[in-house]
Participant: 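Could you have a look at this structure, given as structure tokens, before my questions?
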Number of protein chains: 2
Amino acid sequence: MKKKISLRVIRRISFYYEALLKLNLPENTYISSRKLEEVTGVSCNQVRQDFFYLGISIGKQKKGYLVKKLFKELKKILSIDHSSKVIIIGAGRIGQALSNYKLFKDRNIMVTALFDIKKELVGTEIGKPGQKKPILHIDGLETYLMENPDIKIALLTVPEEAAQETLDKLIGHGIRGVVNFAPKILKVPKETREIQLINDCIGTSLYKIVYQLYSKK
Amino acid sequence: MKKKISLRVIRRISFYYEALLKLNLPENTYISSRKLEEVTGVSCNQVRQDFFYLGISIGKQKKGYLVKKLFKELKKILSIDHSSKVIIIGAGRIGQALSNYKLFKDRNIMVTALFDIKKELVGTEIGKPGQKKPILHIDGLETYLMENPDIKIALLTVPEEAAQETLDKLIGHGIRGVVNFAPKILKVPKETREIQLINDCIGTSLYKIVYQLYSKK
DNA sequence: ACTATTAATTTTAACTTAAACAATATCACG
DNA sequence: CGTGATATTGTTTAAGTTAAAATTAATAGT
């Protein structure tokens with residue numbers, strides 16, 4: 001029985017992983033919790049506690065964690081030690097930006113196709129040579145998913161008017177996890193259980209920053 | 001002395017606010033905590049506790065909260081009862097998408113200009129007629145901010161290679177709050193205190209969804 | 001061998017959410 | 001028009017979760 005890890009911890013773990021990517025240290029060197037604090041902003045105490053909690057006790061006193069080992073452990077926890085395929089629904093600016101997002105490689109996440117309804121987009125490809133992805137019509141979604149049953153994740157970047165309806169359609173066609181980028185909070189229908197939805201609405205954090213800045217006193 | 005509100009509460013408050021926007025109810029009708037749960041996914045207990053905590057005790061038994069009053073209270077808490085001006089650094093796909101983001105209006109947040117270094121972009125305008133925003137060269141940033149001292153917030157959508165450097169520059173020129181959309185965790189220099197930075201890196205939530213979906217068991 | 005640094009672990013405190021419950025206003029109904 | 005049932009709030013209390021701090025142990029370097 002595996003311990004449940006909260007999304008908050010997962011987020012920090014992803015920070016540590018990103019830090020390793022960013023620093024690009026040789027695999028046989030060490031990185032300390034202090035250094036991780038410096039790069040990620042997460043306190044070294046928290047770093048160690050996270051590692052302890054997760055059963056990562058691979059540190060060496062006075063040196064830190066072996067980069068190679070740490071990479072491996074973090075990947076395992078994040079479930080990015082194997083490759084995941086995703087599709088993007090909506091080939092507008094956000095969708096295209098996401099599909100071009102080069103770091104997907106380091107995270108073992110692959111965009112296989114984009115879907116849209118705009119005539120001028122459907123049938124074209126986007127991306128750099130060698131990693132082009134087709135833009136397909138959304139009517140072909142069901143067929144596509146039947147032919148590619150290992151695709152369980154969709155990134156939703158359609159206009160907000162169409163967002164909820166599209167989400168429902170995705171779920172109906174077997175998608176199990178969705179990140180919603182449309183500026184509108186979506187909900188999964190009650191009946192359908194076990195669907196993972198993250199509302200990562202663009203602009204949400206504006207509220208936070210405005211609050212922090214202007215609510216003072 | 002004002003009570004400190006955590007960002008987590010602020011996020012929920014913004015959900016309630018978004019729910020009101022979405023439902024678009026007449027101002028003189030009522031909305032219950034149950035209904036808010038239905039729309040936002042936040043439990044009605046939590047809703048009531050939030051309101052209690054924040055001193056919003058405007059509910060009527062058996063009916064709920066008067067939409068008009070609730071709007072007013074939420075706006076006040078979120079500090080969007082007055083207008084805030086922001087600039088966008090990076091006029092690429094994400095930056096353009098953000099600048100077109102129509103909901104800014106309802107949130108009293110205005111994009112006044114975009115900045116970039118690309119020759120083909122600088123000097124042009126984007127946006128629908130009547131709300132066009134200029135794209136300026138980033139070299140003009142300092143001057144622009146001196147002429148518009150009420151702009152304290154920047155949205156950062158530059159490529160990740162330039163992100164940290166650009167953030168430092170922004171801070172140097174008096175920007176006080178930044179939302180970073182580049183796929184890289186940034187940090188504010190230690191010396192500079194009181195700068196609000198939110199790393200809202202595009203793609204961060206992919207880790208979460210992948211974990212939730214593939215780590216099962 | 002001593003010192004300083006760092007990890008592992010435990011303890012404590014803070015924060016967050018959930019649950020419970022009393023109070024009250026509205027509505028249905030006779 | 002009165003009355004009772006009920007929905008819904010305001011408030012408190014408890015539980016659960018998360019983060020911080022403190023402590024212990026180990027090891028590298030001098």
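Every chain is numbered from 1 and lettered A, B, ... according to where its sequence line falls, protein lines coming before strand lines.
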Participant: Would you please name every residue forming a side chain to side chain contact (heavy atoms under 4.5 Å, CB included) with B/L25, sequence neighbours left out?
Facilitator: B/L23, B/T29, B/I31, B/V67

Participant: Please write out each protein N/O paired with an N/O of nucleotides 23-28 of chain D under 3.5 Å, distance rounded to 0.1 Å.
Facilitator:
none

Participant: Could you check how far CG of B/L54 sits from P of D/dT11, rounded to whole Å?
Facilitator: 13 Å

Participant: Does a side-chain N or O of B/S6 approach OP1 or OP2 of C/dT16 to a distance below 4.0 Å, or not?
Facilitator: yes

Participant: Kindly calculate the angle separating the two end axes of the helix from C/dA1-D/dT30 to C/dG30-D/dC1, each obtained from five base pairs, and round it to 10 degrees.
Facilitator: 10°

Participant: Using whole Å, report how far CZ of A/F51 lies from P of D/dA19.
Facilitator: 14 Å

Participant: Would you mind writing out the side-chain donor-acceptor pairs for residues 161-173 of chain A within the sub-3.5 Å range, not counting sequence neighbours?
Facilitator:
residue : atom : partner : partner atom : Å
A/Q164  : OE1  : A/K187  : N            : 3.2
A/Q164  : NE2  : A/D168  : OD1          : 3.0
A/Q164  : NE2  : A/K187  : O            : 2.8
A/T166  : OG1  : A/A162  : O            : 2.6

Participant: With DNA chain C as reference, determine whether A/G64 or A/Q49 sits nearer its 5' end, using the nearest nucleotide of each.
Facilitator: A/G64

Participant: Tell me whether the OP1 or OP2 atom of D/dT11 has a side-chain N or O from B/S57 closer than 4.0 Å.
Facilitator: yes

Participant: Using a cut-off of 4.0 Å on non-hydrogen atoms, how would the nucleic acid contact of A/Y65 be classed: base, sugar-phosphate, or nothing?
Facilitator: sugar-phosphate

Participant: Please state whether the phosphate of D/dT18, meaning OP1 or OP2, lies under 4.0 angstrom from any side-chain nitrogen or oxygen of A/R12.
Facilitator: no

Participant: Nearest whole angstrom, please: distance from the P of C/dA14 to the OH of B/Y53.
Facilitator: 14 Å

Participant: Whole angstroms only, please: what is the CG-P distance between A/L7 and D/dA19?
Facilitator: 12 Å

Participant: Enumerate the residues from residues 26-40 of chain B whose closest heavy atom to DNA chain D is under 4.0 Å, giving them by residue number; use none for an empty result.
Facilitator: B/S32, B/S33, B/R34

Participant: Could you tell me how far apart A/Q46 (CD) and C/dA8 (P) are, to the nearest whole angstrom?
Facilitator: 15 Å

Participant: Which residues pass the side chain to side chain contact (heavy atoms under 4.5 Å, CB included) test with B/K85, not counting sequence neighbours?
Facilitator: B/M110, B/T112, B/D150, B/I151

